[in-house]
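Order of the sequence lines sets the chain letters (A, B, ...), proteins ahead of strands, with each chain counted from 1. Worth knowing before you read on, the calculation uses all heavy atoms, side chains too, and leaves out hydrogens, waters and symmetry mates.
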Number of protein chains: 2
Amino acid sequence: MGISERKEREKAEREQRIIGAARMLAEQDGWSSVTVRRLAQEIEYSQPVLYAHFESRDAIVGAVALEGFGELGPVLRASVRRSASPAEAMEDVAMAYLEFAFERPALYEAMFVLPTGLRFAKSDTPQSLRDTFGAMMAVVEPFCANAEVATEAFWATLHGLAELERDGRIREAFRKERVIHIINKLTQKS
Amino acid sequence: MGISERKEREKAEREQRIIGAARMLAEQDGWSSVTVRRLAQEIEYSQPVLYAHFESRDAIVGAVALEGFGELGPVLRASVRRSASPAEAMEDVAMAYLEFAFERPALYEAMFVLPTGLRFAKSDTPQSLRDTFGAMMAVVEPFCANAEVATEAFWATLHGLAELERDGRIREAFRKERVIHIINKLTQKS
DNA sequence: AATTACATCTAGCGATGCTAGATTGTCAAT
DNA sequence: ATTGACAATCTAGCATCGCTAGATGTAATT
């Protein structure tokens with residue numbers, strides 16, 4: 001039965017090519033230019049083939065988002081300097097989060113702005129996203145009684161900073177100042 | 001020369017009807033169902049007429065956003081309880097901001113998520129948006145040295161809370177807890 | 001060899017945003 | 001009053017989008 005396995009392998013490969021093409025095109029020309037036709041052309045198949053892999057265009061965006069979730073957690077963990085104080089660790093994570101958002105704007109957009117058909121409220125939250133949340137909680141915990149609530153708030157702050165800066169509502173030049181200010185406040189005991 | 005004035009008046013009126021229809025349809029069925037054809041039908045004109053008023057569909061979204069900016073500032077100012085302490089004032093503004101976002105999700109989306117073609121970084125920021133920023137700065141100022149940076153951070157936090165809660169990434173039930181936690185931190189002196 | 005099942009494509013549907021060109025209506029000048 | 005110019009408005013259509021039904025070719029099964 002090596003044949004069906006080969007087919008499965010090929011299918012998985014093709015699926016990855018779709019996701020890769022979508023991500024590349026999005027990062028290059030923005031998500032609006034990621035069309036099903038363009039993707040089909042990129043993987044050298046006709047359009048209906050894409051629908052054998054994904055239910056809709058949104059689902060493709062979702063697959064890219066999922067890839068992003070798989071990367072963000074490790075990036076955050078790796079960002080913490082060795083022998084950093086708890087407050088420094090928090091600052092490292094904050095800066096790393098923002099750099100992630102600005103260096104891969106299309107990926108970040110897929111993860112947090114575009115409709116992807118992914119569900120989060122329930123238990124079907126992808127493990128990689130749970131990990132990301134965990135990475136943030138690790139640096140928030142030392143300073144807060146209710147770590148979960150505090151992490152949600154921390155995350156929201158970072159997301160807001162990323163979004164408002166991305167479309168020019170707050171001044172790019174003051175990114176570091178804002179982070180310093182916030183970390184300073186959040187690491188006060190109360 | 002009353003004629004041309006009447007025409008101008010009628011044109012302004014029609015423009016307002018377009019904006020109103022867009023806002024209503026968006027709040028009712030989401031922005032994706034606000035199409036130029038639907039709007040034309042709503043105001044009982046053909047589609048090209050809309051392009052005599054707005055350069056593109058995005059510009060219509062922008063006009064709705066602008067209307068929203070005109071409302072958010074006053075809402076925030078009015079939210080501060082009489083004889084509230086500085087910390088309480090900050091909490092009032094935070095809660096009012098979130099309630100604004102959740103009670104008029106489509107309006108908020110137009111203001112802060114959708115592409116609108118509006119510019120913000122420069123001096124052409126609409127006055128109403130400056131006012132909104134001012135309303136937030138007023139409650140942040142007592143607690144921070146660099147009020148501008150602190151306000152940007154505060155605003156970002158609120159925006160992040162609104163966005164993450166809107167698509168189910170953080171728990172709706174803990175909204176108040178998150179706000180309390182944040183206000184508690186931000187109002188510590190440092 | 002005939003038939004079934006599967007993989008893939010061609011062609012097209014109903015939308016979308018937007019626009020060129022025809023058509024109507026409204027005034028001013030003769 | 002008639003005509004002509006100008007502005008307002010509409011009809012009709014383009015290119016593109018996401019998506020899919022039905023045709024076509026290919027491989028596996030009987």
## Note on the structure
Nearest-nucleotide check on DNA chain D, A/Y51 vs B/E44; residue mapping nearer the 5' end is B/E44
Could you tell me the separation between the [atom1] atom of [X] and the [atom2] atom of [N], rounded to a whole number of Å?
X     : N      : atom1 : atom2 : answer
A/F54 : D/dC19 : CZ    : C1'   : 16 Å
B/K11 : D/dT9  : NZ    : C1'   : 12 Å
A/E10 : C/dT8  : CD    : C1'   : 14 Å
B/R38 : C/dG17 : CZ    : C1'   : 17 Å
A/Q47 : D/dC17 : CD    : P     : 9 Å
B/L50 : D/dC10 : CG    : C1'   : 13 Å
B/E55 : C/dC18 : CD    : C1'   : 12 Å

### Query
Checking all strands, does A/R14 fall into the base, sugar-phosphate, or nothing category for heavy-atom contacts under 4.0 angstrom?
sugar-phosphate
Out of [options], which nucleotide sits closest to the side chain of [X]?
X     : options                : value
A/R37 : D/dC17, D/dG13, C/dT8  : D/dC17
B/R57 : C/dG17, D/dC17, C/dT10 : C/dG17
B/Y45 : C/dG12, D/dT9, C/dT8   : D/dT9
A/P48 : C/dC9, D/dG13, D/dT11  : C/dC9

### Message
Would you say A/T35 places a side-chain N or O within less than 4.0 Å of OP1 or OP2 belonging to D/dC17?
### Response
yes
### Message
I'd like to know if A/R171 and B/E152 make a salt bridge, using a cut-off of under 4.0 Å between side-chain N and carboxylate O.
### Response
yes
### Query
Do NZ/NE/NH1/NH2 and the carboxylate oxygens of B/E15 and B/K11 come within less than 4.0 Å?
no
### Task
Check the angle between the aromatic planes of A/F69 and A/F112 and answer parallel, tilted or perpendicular using the 30° and 60° thresholds.
perpendicular
### Query
Does the ring of A/F102 carry A/R166 above it, NZ/CZ under 6.0 angstrom from centre and within 45° of its axis?
no
